[in-house]
Amino acid sequence: MGLVHSFHYYYLLLNAEDKSKNAVHFIGVSSSLFHAPRTRGASSKSNALSPFLHRGRGLSSTFFHAPRSISATTTKGSPWLVLALNLGQKSFRGKQLYHLIYRRKVKEIQDFIQLPQAFRNDLEESGWKVGRSPIFQTVNATDGTVKLLLKLEDNRLIETVGIPVEDDGNSVRLTACVSSQVGCPLRCSFCATGKGGFARNHRRHEIIEQVLAIEQVFNRRVSNVVFMGMGEPMLNLKAVLEAHHCLNKDVQIGQRMMTISTVGVPNTIKKLASHKLQSTLAVSLHAPNQQLRETIVPSAKAYPLSALMRDCREYVRETNRRISFEYALLAGINDSVDHAVELAELLRGWGHGYHVNLIPFNPVEGSEYRRPYRKAVQAFADALESSKITVSVRQTRGLDANAACGQLRNSFQKTPLVTDPGNLESQLPNTDLAATC
């Protein structure tokens with residue numbers, strides 16, 4: 001896949017004391033920040049104490065990790081309050097803790113100077129830490145776009161992109177393009193991410209921290225989030241929805257400022273519709289007919305275009321939200337006026353009010369595809385508009401540095417990196433990469 005507003009995202013990393021279980025467990029607090037171990041017999045009600053209070057195996061929550069469970073079943077109120085009370089503090093200390101993490105963005109527990117020293121010591125002695133995945137590499141394009149590689153706890157690298165756009169009136173909108181998977185299993189033929197292979201899904205905190213990393217680099221709030229980076233969001237829908245909720249409720253990004261993209265995964269559009277989000281759904285078509293689509297998007301064989309369009313129609317009916325259809329223009333493959341006319345007929349046959357976002361192909365090293373000429377792009381757009389289809393052409397960002405989505409990550413990693421920092425430098429390619437979605 002290709003391309004938000006927030007606070008710095010910190011999570012407490014587990015000091016895994018229970019090695020016999022060989023697992024890390026979490027309890028999220030108020031969004032995706034706090035993690036703690038699962039306790040057997042914990043009720044589903046307690047697990048849903050708040051969107052930030054989650055219990056589960058692995059890095060399933062967001063910020064705080066701990067080596068033991070915190071009894072959320074015995075105390076009413078916010079999970080922050082629960083954490084404070086379980087460590088022998090007054091309940092208001094929980095609110096202070098939340099404020100320090102989400103508002104003040106303090107990175108180290110011992111820098112929580114508003115909290116008693118004993119509370120800070122107890123947090124650390126209980127195995128809590130504050131931090132997030134480090135920025136492994138930063139590349140810049142002349143237009144201001146910045147692409148980051150974040151190094152996860154398992155040494156895998158993920159991409160995220162910050163895209164500043166000046167609006168009318170000279171205000172700047174900062175969009176964070178976030179990844180939802182480490183790599184992508186769908187292997188769309190034109191996509192650099194698919195060529196780099198697939199490792200695993202992101203945990204929800206790994207999605208949120210991308211937004212916070214962009215804020216750190218730009219030193220300003222992100223205004224928009226697009227789930228259009230590495231991976232297929234619908235194949236990691238649970239974590240994507242949890243991250244979306246945290247970004248909305250805790251990081252305070254409006255739902256209408258976020259977009260979730262998909263190439264199409266059976267049954268997931270219906271599931272997404274049931275949540276009735278106010279965010280935009282972007283569906284990557286890339287072709288006006290099934291035969292051509294299968295050559296570009298191999299997974300389309302399992303999800304015929306007719307079934308995809310039927311689900312899109314039902315999505316619009318249930319949510320009353322317009323769908324944006326993404327269409328990557330590949331020179332000589334799907335960019336003719338005839339293709340545009342066929343696309344318009346397809347869309348009109350399944351409803352009305354659809355929007356098409358044309359994306360001229362970003363060059364990928366080793367790809368057989370080419371970027372169409374501007375004249376071909378304009379002719380395609382004109383053909384859609386003459387058929388009463390709303391259309392826009394995505395502005396290509398960072399093209400000067402030859403780094404389409406997934407390309408930067410592929411230059412550094414297809415297998416986990418070594419953890420020895422002395423060996424790390426030897427893996428850096430001697431190239432001038434830059435950023436684009």
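For the numbers below, each heavy atom of this structure counts, side chains included, while hydrogens, waters and symmetry mates do not.
If you check the side chains of His202 and Ser179, you find no donor sitting under 3.5 Å from an acceptor. Of the N and O atoms on the side chains of Ser133 and Glu153, not one donor lies less than 3.5 Å from an acceptor on the other residue.
A distance-only check finds a donor-acceptor pair linking the side chain of Arg293 to the backbone of Leu285 [under 3.5 Å]. Judged by distance alone, with hydrogens and angles left aside, the side-chain atoms of Gln137 form no donor-acceptor pair with the main-chain N or O of Leu149 at under 3.5 Å. Judged purely by atom type and a 3.5 angstrom limit, Thr319 uses its side chain to pair as donor or acceptor with the backbone of Tyr315. A distance-only check finds a donor-acceptor pair linking the side chain of Glu232 to the backbone of Val263 [under 3.5 Å]. The closest donor-acceptor contact from the side chain of Asn236 to the backbone of Pro233 lies at 3.5 Å or more, if one exists at all. Remark: side-chain polar atoms of Ser387 are not paired, donor with acceptor, to backbone N or O of Ile389 under 3.5 angstrom. A donor-acceptor distance shorter than 3.5 angstrom exists from the side chain of His286 to the backbone of Ala328, with no hydrogens or angles considered.
From Leu272, atom CG reaches atom CG of Leu281 across 6.0 Å, with rounding to the nearest 0.5 Å. Atom CG of Leu343 is separated from atom CZ of Arg348 by 10.0 Å, given to the nearest 0.5 angstrom. Note that the CD1 atom of Ile260 and the CG atom of Leu237 stand 7.0 Å from one another [nearest 0.5 Å]. To the nearest 0.5 Å, the span separating CD1 on Ile214 from CZ on Arg220 amounts to 12.5 Å. Rounded to the nearest 0.5 angstrom, Leu330 CG and Asp335 CG are separated by 7.5 Å. Separating the CZ atom in Arg221 from the CD atom in Gln252 is a distance of 6.5 Å, to the nearest 0.5 Å.
Heavy-atom minimum distance, Val240 versus Ser180: CG2-CB, 4.0 Å. Scanning all heavy atoms of the two residues, the minimum distance from Gln278 to Arg256 falls at OE1-NH2, 2.7 Å. Residues Ala282 and Met228 approach most closely at CB-CE, 3.7 Å, considering heavy atoms. Glu206 and Asn201 make their closest contact through OE1-O, 4.3 Å (heavy atoms, listed as atom of the first residue, atom of the second, distance). When all heavy atoms of Leu358 and Val377 are compared, the closest pair comes out as CD1-O, 4.3 Å. The shortest non-hydrogen separation linking Gly231 to Gln181 is CA-OE1, 3.3 Å.
By the 4.5 Å heavy-atom criterion applied to side chains, Leu329 and Phe380 are counted as neighbours. Two residues are said to be in side-chain contact when any heavy atoms from C-beta on lie closer than 4.5 Å; Ile163 and Leu174 fail this criterion. Using a 4.5 Å cut-off on side-chain heavy atoms (C-beta onward), His244 and Ser279 make contact. With contacts defined as side-chain heavy-atom distances shorter than 4.5 Å, the pair Phe190/Ile296 qualifies. At a threshold of 4.5 Å between non-hydrogen side-chain atoms, the residues Met258 and Val226 do not count as touching. With a 4.5 Å cut-off on side-chain heavy atoms, Val211 and Val178 count as touching. Here the side chains of Glu342 and Leu346 are not in contact, with every heavy-atom distance at 4.5 Å or above. Between Pro164 and Arg173, the closest side-chain pair of non-hydrogen atoms is not below 4.5 Å.
At most 12 heavy atoms of other shown residues, nucleotides or ligands fall within 6.0 angstrom of atom CG in Asn267. Annotation for Glu368: atom CD counts as buried by contact number, over 12 foreign heavy atoms lying within 6.0 Å.
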task = Give the C-alpha distance, both sets of side-chain angles, the deciding distance and a yes or no for side-chain contact (heavy atoms from CB on, under 4.5 Å) between Asp311 and Tyr303.
result = CA-CA 11 Å; Asp311 287 344; Tyr303 196 14; 2.4 Å; yes
task = In sequence, state the C-alpha distance, the side-chain angles, and the governing distance for Ser284 and Ser261, and then conclude on side-chain contact (heavy atoms from CB on, under 4.5 Å).
result = CA-CA 7 Å; Ser284 298; Ser261 179; 3.8 Å; yes
ask   = Please walk me through it: do Val297 and Leu186 pass side-chain contact (heavy atoms from CB on, under 4.5 Å)?
value = CA-CA 8 Å; Val297 183; Leu186 298 185; over 6 Å; no
ask   = Would Ile323 and Thr280 satisfy side-chain contact (heavy atoms from CB on, under 4.5 Å), going step by step from the backbone distance to the final call?
value = CA-CA 7 Å; Ile323 291 178; Thr280 298; over 6 Å; no
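For the side chain to side chain contact (heavy atoms under 4.5 Å, CB included) with Tyr327, the qualifying choice from Val391, Asn334, Val283, Asn357 is Asn334, the only one to do so.
For the side chain to side chain contact (heavy atoms under 4.5 Å, CB included) test, residues two or more places apart in sequence or in another chain that qualify with Asp338 are Ser336.
A salt bridge between Glu318 and Lys276 is present, with a side-chain N of the basic residue lying under 4.0 Å from a carboxylate O of the acidic one. For the pair Glu314 and Lys270, the salt-bridge criterion is not met [side-chain N within less than 4.0 Å of a carboxylate O]. Under a 4.0 Å N-O distance rule, the pair Glu326/Arg394 qualifies as a salt bridge. Taking a cutoff of 4.0 Å between a charged side-chain nitrogen and a carboxylate oxygen, Glu242 and Lys238 qualify as a salt bridge.
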